[in-house]
Amino acid sequence: MFNDIADILEIRGDNPFRIRAYRRAAQNIDSMPKDVAAMSLDDLHKIPGIGADLAAKIHEYAQSGRLEFFDELKKEVPAGVIGLLSVPGLGPKTAKLLFDKLHIKDIDELEMHAKEGRLKGLPGIKARTESNILKGIAMIKRHSGRYPIGRMRPVAEEFMDGLRRGAPVGEISVAGSLRRWKETIKDIDILVTSRAPQKVMEVFVNLPQVKDVIMKGPTKSSVVTNEGIQVDMRVVSGDSFGAALAYFTGSREHNVRLREMAVRKGLKINEYGIFDVKTDKKLGGAKEEDIYRILGMPYIAPELREDSGEIEAALMGNLPELIEIKDIKGDLHIHTKESDGSHEIEELINIAQTKGYRYIAITDHSKGLAVAHGLSIERVLEQNRKIKAINKKLKGFKLLSGTEMDIKSDGTLDYPDDVLRQLDIVIASIHSGFRQAREKITQRIVSAMNNPYVSIIAHPTGRLIGERDAYDIDMEEILKTASETRTSIEINAYPLRLDLSDIYVRKAKKLGVSFAINTDAHVSHQFDYMAYGTGTARRGWIEKGDVLNAAGYDMLMKCINLKRTEDTRKR
DNA sequence: GCCGTTTTCGGCCCGACTGTTTTCAGTCG
């Protein structure tokens, strides 16, 4: 709602800083793990960017379900006019013009007018603008919104390969939200250094996967792929690479904070470097670290750059030592041919060893998940025996016998304790009853965590990004129970899941929860999904010590057995 | 509309590209 208000204020031509205040508040609320509707006025006021006025507005909406200010604004500018802003190249000034002069109230009306050539002749609009608007409308009709990161990474890699092969590039890097490992990505940002920017641009806009060129200048170009994905590229010289990377990686909010700090110190930051304002002398910019160092801070990892406390932490020397992919010692959630995977155990061991892992857990589905050929008690015990036999032959590598046990829709577990006891590790997860009431689903997971043999809750919210919403659970209750019962929460690295999500990961960490970062691999190449898992973990400020499968084998087994022997079950 | 070891009033990040303009506004990131 605050974003909509900001849009309307923008169309009205209101004070830009007031508009920014609404946007900043919206962004900060969006990244809150807590429901702001349940917060007191005092607590609301503590959220950065929310002062007396916005706190009162949130409160008003939480109490009455309405916001009078918003209702009043909508009388001035109909909701559909806000929608016009989603057309690329069409901003608030044009939206206002179209609404005032032609009474265009939504995208359909805009398309009609444009097709009939009735936009031409308005001040500042000629044939070119009209056709650009039509192109923009066609584009948002094809696809609007964001793509899951798993879809975007490979596209970015293709572009970078194409540039490396065909263009005179030095350094090359993804930037933007892709580099920050956000779970969904709007467009791909690529930064390169080159002494021949024009040449790079020519190669870029002529890559085979490019369908349309949105803009093309000497240092900055944007294209759209055949699939409708926008790719922005920026070329700078080597001595500006760091500054440009920082600028282009964002987030916008993080950059604004840095630049504000710079201004107070008599400095200026842009994509070319960090400068002394008075002398215009360049103080740095070849490396990202320059910017942070000159502002008096340690380097802040891209995943943290959301203006959600990382700058304060950096200034205080309290930044986390984020987990890295090389810290991962094994994958604890893997399927074999026995259920719905593609490989035999022996093949999986080979793949794991090439990854440098010290152990993996074999966790096929349990009997309740018949569609995935879940293992009967007999089959899982047979697999357990087989794993123990293989283990004897392995050197410097351990195989854990496990299961991804279904938490059935009535809340019971799919295997009895005397079966679970024989396995090395038990993951529990939900595959049915997604639409049950909040208390019911929460209770299913809580009671699974209260079982001493359940070490990990896999994909705890069941969401599939862009396809299926999370089921309705009381996350607070689940994270609290996880912490109390020494149950790890999975960060499922499957790119469509990324479940637990970054915001909750950070909250869980504050509650003392431990994590397992697992790929849920069903086929060999999915072992590579681990990077998405660590990316999400890093966005949640996770350190090596928070992660079960960053521990060595002995410590891992110690953690699992601690819960088993302690028996924290509520009786 | 927010915010303050420079300020409770007066600031609030910075630059590239496009299309329409004869010098710049609008849009975007």
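In what follows, chains carry the letters A, B, and so on, assigned in the order in which the sequence lines appear, proteins first and then strands, with residues in each chain numbered from 1.
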Whole-Å distance between [N] [atom2] and [X] [atom1]?
X	N	atom1	atom2	answer
His254(A)	dC14(B)	NE2	C1'	15 Å
Asp7(A)	dC28(B)	CG	P	11 Å
Asp232(A)	dC28(B)	CG	P	12 Å
Ile133(A)	dT27(B)	CD1	P	10 Å
Leu44(A)	dC2(B)	CG	P	12 Å
Asp280(A)	dC14(B)	CG	C1'	14 Å
Arg18(A)	dC3(B)	CZ	C1'	17 Å
Lys268(A)	dC13(B)	NZ	P	14 Å

Can you find a donor-acceptor N/O pair under 3.5 angstrom joining the side chain of Asn15(A) to the base of dG1(B)?
->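 Flag set: donor-acceptor pair detected.
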Is any N or O donor-acceptor pair between the side chain of Arg128(A) and the base of dG19(B) shorter than 3.5 Å?
->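 No such pair is found, so the answer is no.
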Could you tell me whether [X] and [Y] have a side-chain N and a carboxylate O separated by less than 4.0 Å?
X	Y	answer
Lys75(A)	Glu72(A)	yes
Lys507(A)	Glu476(A)	yes
Arg23(A)	Asp7(A)	yes
Lys96(A)	Glu10(A)	no
Glu306(A)	Arg539(A)	yes

What contact category does [X] fall into here, base, sugar-phosphate, or nothing, at under 4.0 angstrom with non-hydrogen atoms?
X	answer
Tyr22(A)	sugar-phosphate
Ile269(A)	sugar-phosphate
Thr94(A)	sugar-phosphate
Pro92(A)	sugar-phosphate
Val87(A)	sugar-phosphate
Lys57(A)	sugar-phosphate
Leu90(A)	sugar-phosphate
Ala262(A)	nothing
Pro16(A)	nothing
Arg24(A)	nothing
Arg264(A)	base

Determine: side-chain N/O of [X] to OP1/OP2 of [N], distance under 4.0 Å, yes or no.
X	N	result
Tyr247(A)	dC28(B)	no
Thr129(A)	dT20(B)	yes
Lys216(A)	dA16(B)	no
Arg259(A)	dC13(B)	no

Separation between CD1 of Ile125(A) and CG of Leu90(A), rounded to the nearest 0.5 Å =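 Here the rounded value is 7.5 Å.
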Per [X] side chain, nearest of listed nucleotides [options]:
X	options	value
Val263(A)	dC17(B), dC13(B), dT27(B)	dC13(B)
Arg20(A)	dT18(B), dG29(B), dC12(B)	dC12(B)
Asn270(A)	dG29(B), dA16(B), dC14(B)	dC14(B)
Phe17(A)	dG26(B), dG15(B), dC12(B)	dC12(B)

Only one of Arg153(A), Arg497(A), Arg463(A), Arg146(A) forms a salt bridge (Lys or Arg N to Asp or Glu O under 4.0 Å) with Glu183(A), so which one is it?
->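 Between Glu183(A) and the candidates, salt bridge (Lys or Arg N to Asp or Glu O under 4.0 Å) is satisfied uniquely by Arg463(A).
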Nucleotide paired to dA25(B) in any strand shown, Watson-Crick or G-U, under 3.5 Å |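 For dA25(B), the partner nucleotide comes out as dT18(B), under the 3.5 Å rule.
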When you match Glu271(A) and Ile50(A) each to their closest nucleotide on DNA chain B, which lands nearer the 5' end?
->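 Going by which nucleotide is closer to the 5' end, it is Ile50(A).
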